[in-house]
Structure formats: C-alpha cells, structure tokens
Participant: 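Here's a structure for you.
Computed from a predicted model, the values in this text were never measured in an experiment. Note that these values count all heavy atoms, side chains included, but never hydrogens, waters or copies made by symmetry.
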Amino acid sequence: GQRYASLMTDSSFKRAFVQWQDGILTKLLLRELIPERTLKEIRFLPTEHTNPIPGMKDIVVDVECTDEEGAKYIVEMQLHYQAFFSDPPVYVVALLNFSMHGNTDKVLFTYQLLEKDLHDRMTDRLNFVYLEMPNYMGNLKGASSVLQAFSYVMRNFPEMSERPEGLKEDLFRVLFDSAEISKFRPDERIKYVHDMTTERDIRNQILTARNQGIQQGKEEAASNLLKLGIDIGVVSRATGLSVEQINALRAMPPDKVKSQ
C-alpha cells in the first residue's frame, strides 16, 4: 500500500512543516530557499489567522514564522495560480504546484517590487520567493540542486516506498519521516483522507468542466459549418464528431446547441 502521504493538502502540509519535530523542516527548507539568511532559530506564529500583508487580508496563510533577528517568513502551498512593506524584512515563500515559466528547469525565483515605469526598486524589505516545482521534469539522478530534488520528491511522494539513498541531507530525512503515514495519529489519518478526497473531487470537477467545454465547442463549430453548407463528412472530420452526432445537431434548434 501507499507509504508516504502527499504533502499538498492543508493538514499534511502543516503537520510536516509546523508540527513535525517542532517545524525543523521549515527551517531546513528556508535555508535552501533564502541562503543569505542564517536562520539559526525560527518561531512559529498562529497558523490560522488573517494574512498580515496589505491587500491580502482575506487570505489565510499556511505557515508564518520569524527568525532570531525578527525577519518574517510566510510560507504557502499554492496549488493553483493566484494573481502583494516592512521593517524587519518579510519573505513570502510559496511552493507552487504549477509553473509560471515555460521551457526551463529553473525552480527557484526571487522577486522584489519595482516601480512600473522607472524600474526603481520599491523596497528590499519585501521579498517573494517562489519554488515552481513542476519546472523540474527530470528524475532524481538528473537533479543538479537540492531544490530540484525537493521538487521531484514533493510531486512524487505517493509513488515512493522509501527514501532514495542519494538524499542524505537533513531536509530529506525529516521530509520523509514527516510524511510516513504509519506515524500519523488516527485523527491525522482521517483528516488526510478527507483532504485527499476533496482534492480529487476538485480535480475531477475541473476536468469534467473542461471536457464539457471542449464538447460544446465542437458542437457549435459543427453547427456553424452546417449552416455554411459544408458536407457532413467534412464537418465530421473537422470536428471529430460522428455523423450520428452531427445529424442529431441538425435536428436540434440552434439555441439548444449553445445551451446544452
């Protein structure tokens, strides 16, 4: 059976990055993402609260913590694309299960705010650190950095049965320990199963809606081609619809083709 949990759900992500061994996994990952910070110690703040960044008051963050110098770190697991000043500095860290850059295996992107026309940097106190995990499409042997390997593991956890020998860093040791389902408490298992079921349901709903949209587009295209007097065989080859489906469209009122 499945040994490791997917960490791309709310409960399992917070269990691994906040609750497991006092959140050491978050500190180890932040050291890799933001090497210019020493990060000897971090302190976690309440995890269920309103986002402190102006303009994002209605978004609940996954993990918020501070280091020994007072810098703030906000870590989010963002599964889908979303369209953000301060002393001490704030680092907004997002692990993305989608890509905003195509045709690259670069996974770490760091941003600061620039003025639109003059390109002046607004401040160096607000930093956005994005780990675009899907950008690395290779295997573990081909990973040239810890973060590429981390991206691979996060996306393939449910298919793994043990920690690969090459992943010796503390980050991976703690990561695999935190995701082992046998170490979940009964209530954690129930919450994990619920989260995974919800995620699958959402994914299936998106896929269904997409397929329905494609089908409707084909039917509307076929109807328009028929109005132009195009041969039914040509319409079938152009749209991928069967002759039977096209004949059914011909017998259907035009407004029904768009609304069905």
Participant: Return a table of donor-acceptor pairs under 3.5 angstrom between the side chains of residues 157-170 and protein atoms on other chains or two or more places apart.
Facilitator:
unit_1 : atom_1 : unit_2 : atom_2 : d
R163   : NH1    : L167   : O      : 2.7
K168   : NZ     : E165   : O      : 3.2

Participant: Just by modelled atom types, is the R31 backbone N or O under 3.5 Å from a matching donor or acceptor in the R37 side chain?
Facilitator: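 Absent.
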Participant: Applying ring-ring contact (aromatic ring centres under 6.0 Å, His included), can you list everything that pairs with F172, at least two apart in sequence or on another chain?
Facilitator: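 With sequence neighbours excluded, F172 shows a ring-ring contact (aromatic ring centres under 6.0 Å, His included) to no residue whatsoever.
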Participant: Answer whether the closest heavy-atom distance between the side chains of R125 and V90 falls below 4.5 Å.
Facilitator: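 When only atoms from C-beta onward are counted, V90 and R125 do not touch, as no gap falls below 4.5 Å.
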Participant: Flag the pair Y130 / M100 as yes when at least one side-chain heavy-atom distance between them is below 4.5 Å, and no otherwise.
Facilitator: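 Heavy-atom side-chain distance check passes, below 4.5 Å.
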Participant: First locate atom CD1 of I190, then atom CG of D195, and finally report the distance between them rounded to the nearest 0.5 Å.
Facilitator: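 Here the rounded value is 12.0 Å.
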Participant: For the residue pair D67 / Y73, report whether a side-chain donor-acceptor contact shorter than 3.5 Å exists.
Facilitator: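 There is such a pair between these side chains.
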Participant: Starting at CG of L126, measure out to CD1 of I74 and round the result to the nearest 0.5 Å.
Facilitator: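 Spacing of CG (L126) from CD1 (I74) equals 8.5 Å.
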Participant: Without hydrogens or angle criteria, can the side chains of R15 and Y192 be said to hold a donor-acceptor pair below 3.5 Å?
Facilitator: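 There is no such pair between these side chains.
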Participant: Quick one, Q112 and T123 - any side-chain contact, counting heavy atoms below 4.5 Å?
Facilitator: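 Result no, sub-4.5 Å side-chain heavy-atom pair not found.
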Participant: So, using side chain to side chain contact (heavy atoms under 4.5 Å, CB included) as the criterion, who are the partners of A222 when residues are at least two apart?
Facilitator: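 Applying side chain to side chain contact (heavy atoms under 4.5 Å, CB included) to A222 gives V235, T239, L241, L249.
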Participant: Under the side-chain hydrogen bond (donor to acceptor under 3.5 Å, both in side chains) test, which residues partner Q245, sequence neighbours left out?
Facilitator: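 Q245 satisfies side-chain hydrogen bond (donor to acceptor under 3.5 Å, both in side chains) with S242 once adjacent residues are dropped.
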Participant: Can you confirm whether L140 sits close enough to N156 that some side-chain heavy atom of one is under 4.5 Å from a side-chain heavy atom of the other?
Facilitator: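 L140 vs N156: side chains apart.
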Participant: What's the separation between atom CD in E132 and atom CZ in F98, rounded to the nearest 0.5 Å?
Facilitator: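 The distance works out to 7.5 Å.
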Participant: To the nearest 0.5 angstrom, please state how far the CG atom of L28 sits from the CG atom of L175.
Facilitator: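 Output value for this atom pair is 10.0 Å.
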Participant: I'd like to know if L131 and M137 are part of one continuous hydrophobic network [Ile/Leu/Val/Met/Phe/Trp/Tyr, side-chain heavy atoms within less than 4.5 Å].
Facilitator: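 Each belongs to a different hydrophobic cluster.
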Participant: Give a yes-or-no answer on whether the side chains of N135 and S99 include a donor-acceptor pair shorter than 3.5 Å.
Facilitator: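 Per modelled atom types, N135 and S99 side chains form a pair under 3.5 Å.
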Participant: Just verifying a value: how many Å separate E36 CD and T110 OG1, rounded to the nearest 0.5 Å?
Facilitator: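 E36 CD to T110 OG1: 7.0 Å, rounded to 0.5 Å.
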Participant: Taking atom CG of N247 as the centre, report whether more than 12 heavy atoms of other residues, nucleotides or ligands fall under 6.0 Å from it.
Facilitator: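 Check passes, neighbour count above 12.
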Participant: Is M133 close to V107 at the side-chain level, that is, under 4.5 Å between some pair of heavy atoms?
Facilitator: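 A side-chain contact under 4.5 Å is absent here.
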Participant: Backbone N or O of A71 within a donor-acceptor pair of the E69 side chain at under 3.5 Å?
Facilitator: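 A pair under 3.5 Å: no.
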Participant: For E41, what residues pass the side-chain hydrogen bond (donor to acceptor under 3.5 Å, both in side chains) criterion, not counting sequence neighbours?
Facilitator: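 Partners of E41 under the side-chain hydrogen bond (donor to acceptor under 3.5 Å, both in side chains) test: none.
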Participant: For V93 versus L30, what's the shortest heavy-atom pair and its separation?
Facilitator: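 Where V93 meets L30 most closely, the heavy atoms are CG2-CD2, 3.8 Å.
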Participant: Does N127 use its side chain to pair, donor to acceptor, with the backbone of Y91 at less than 3.5 Å?
Facilitator: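 Between the backbone of Y91 and the side chain of N127 there is no qualifying donor-acceptor contact (under 3.5 Å).
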Participant: Please step through side-chain contact (heavy atoms from CB on, under 4.5 Å) for the pair V92 and V75, ending with a clear verdict.
Facilitator: CA-CA 6 Å; V92 179; V75 183; over 6 Å; no
Participant: Could you list all the ring pair (Phe, Tyr, Trp, His ring centres under 6.0 Å) pairs where at least one residue sits in residues 135-156, not counting sequence neighbours?
Facilitator: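 For residues 135-156: none.
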Participant: Provide the closest heavy-atom pair for F44 versus D22 in the form atom of the first, atom of the second, distance.
Facilitator: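 Taking every non-hydrogen atom into account, CE1-O, 3.6 Å.
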Participant: According to side-chain hydrogen bond (donor to acceptor under 3.5 Å, both in side chains), who are the partners of S151, at least two apart in sequence or on a separate chain?
Facilitator: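 Partners of S151 under the side-chain hydrogen bond (donor to acceptor under 3.5 Å, both in side chains) test: none.
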Participant: Between S144 and Q148, do the side chains contain an N or O donor and an N or O acceptor separated by less than 3.5 Å?
Facilitator: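 Yes, side-chain donor-acceptor contact under 3.5 Å.
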Participant: Kindly determine whether L113 and R121 satisfy side-chain contact (heavy atoms from CB on, under 4.5 Å), including the steps that lead there.
Facilitator: CA-CA 6 Å; L113 299 180; R121 184 169 61 180; over 6 Å; no
Participant: Does anything in residues 174-184 pair up under side-chain hydrogen bond (donor to acceptor under 3.5 Å, both in side chains), and if so which pairs, sequence neighbours excluded?
Facilitator: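 Sorted result for residues 174-184: R3-E180.
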Participant: Would you mind listing every ring pair (Phe, Tyr, Trp, His ring centres under 6.0 Å) that reaches into residues 215-241, with sequence neighbours excluded?
Facilitator: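 Counting only pairs at least two positions apart or across chains, no ring pair (Phe, Tyr, Trp, His ring centres under 6.0 Å) contact touches residues 215-241.
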Participant: Please collect all salt bridge (charged side-chain N to carboxylate O under 4.0 Å, His left out) contacts where either partner lies in residues 99-118, sequence neighbours excluded, each pair once.
Facilitator: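 Not a single pair qualifies under salt bridge (charged side-chain N to carboxylate O under 4.0 Å, His left out).
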Participant: Please assess L147 against L29 for the test side-chain contact (heavy atoms from CB on, under 4.5 Å), listing each intermediate value before the final yes or no.
Facilitator: CA-CA 9 Å; L147 291 178; L29 178 60; 4.1 Å; yes
Participant: Rounded to the nearest 0.5 Å, what's the gap from CG on L25 to CZ on F17? Could you check?
Facilitator: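 Between atom CG of L25 and atom CZ of F17 there are 4.0 Å.
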Participant: Could you work out, with salt bridge (Lys or Arg N to Asp or Glu O under 4.0 Å) as the rule, every residue matching K27, not counting sequence neighbours?
Facilitator: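 K27 satisfies salt bridge (Lys or Arg N to Asp or Glu O under 4.0 Å) with no residue once adjacent residues are dropped.
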Participant: My understanding is that only residues two or more places apart in sequence, or in another chain, count here; which of them pass side-chain hydrogen bond (donor to acceptor under 3.5 Å, both in side chains) with R185?
Facilitator: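 Result, side-chain hydrogen bond (donor to acceptor under 3.5 Å, both in side chains) vs R185: D187, E188.
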Participant: Side-chain heavy atoms under 4.5 angstrom apart, residues restricted to Ile, Leu, Val, Met, Phe, Trp, Tyr: same cluster for F109 and L114?
Facilitator: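 As far as the 4.5 Å side-chain criterion goes, L114 and F109 are not connected within one cluster.
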